[in-house]
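What follows is one structure encoded as structure tokens, with my remarks underneath.
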Amino acid sequence: MPYLWNLQYQEQPVKQYLRDLFHAVELKDIIRRKQIRDVDMLERILTYVTANIGNNFSAMTISKYLKSEGRKVAPETTEKTMQNKTPES
């Protein structure tokens with residue numbers, strides 16, 4: 001990401017840039033194409049998946065994570081949301 005050089009790799013501006021890029025590209029695209037209504041849940045699921053990128057996880061573990069975050073979500077709902085975020089679905 002060449003633009004990070006313009007930010008002189010300062011932690012806060014880089015985090016903000018990456019967050020804005022994520023929201024502009026990934027979230028808006030997924031929300032629009034898949035007509036996601038619960039954006040907060042999608043953001044939380046993506047946060048969990050990103051933080052656990054090298055680990056095995058399931059819809060159940062994501063549901064448990066969401067419950068710890070104050071969002072009670074059935075594993076089936078979590079699985080459906082995950083399927084909605086993949087390009088081939």
Derivation of the side chain to side chain contact (heavy atoms under 4.5 Å, CB included) call for Leu42 and Lys34: CA-CA 11 Å; Leu42 177 63; Lys34 302 296 183 173; over 6 Å; no
Student check: side-chain heavy atoms of Val49 and Ile62 closer than 4.5 Å: yes
Are [X] and [Y] linked, directly or through other ILVMFWY residues, by side chains that come within less than 4.5 angstrom of each other?
X	Y	value
Leu18	Trp5	yes
Val73	Met60	no
Ile31	Phe22	yes

Partners passing side chain to side chain donor-acceptor pair (under 3.5 Å) against Gln16 (at least two apart in sequence or in another chain): Arg19, Asp20
Test side-chain contact (heavy atoms from CB on, under 4.5 Å) applied to Gln10 - qualifying residues, sequence neighbours left out: Gln8, Pro13
Contacts of type salt bridge (Lys or Arg N to Asp or Glu O under 4.0 Å), residue Asp29, not counting sequence neighbours: Arg32, Arg33
Lys15: salt bridge (Lys or Arg N to Asp or Glu O under 4.0 Å) partners, not counting sequence neighbours: Glu11
Gap separating the CD1 atom of Ile45 from the OG1 atom of Thr78, nearest 0.5 angstrom: 5.0 Å
Sequence neighbours left out, what passes ring pair (Phe, Tyr, Trp, His ring centres under 6.0 Å) with [X]? Give chain and number order.
X	result
Tyr17	Tyr3
Tyr9	none
Tyr65	Tyr48

Salt bridge (charged side-chain N to carboxylate O under 4.0 Å, His left out) pairs, two or more places apart, involving residues 47-58: none
Salt bridge (charged side-chain N to carboxylate O under 4.0 Å, His left out) contacts touching residues 66-78 (sequence neighbours left out): Asp38-Arg71, Asp40-Arg71, Arg44-Glu69
Closest approach of Ala59 to Pro75 (non-hydrogen atoms, all atoms of both residues): CB-O, 3.4 Å
Thr47 backbone acceptor or donor facing Thr50 side chain under 3.5 Å: no
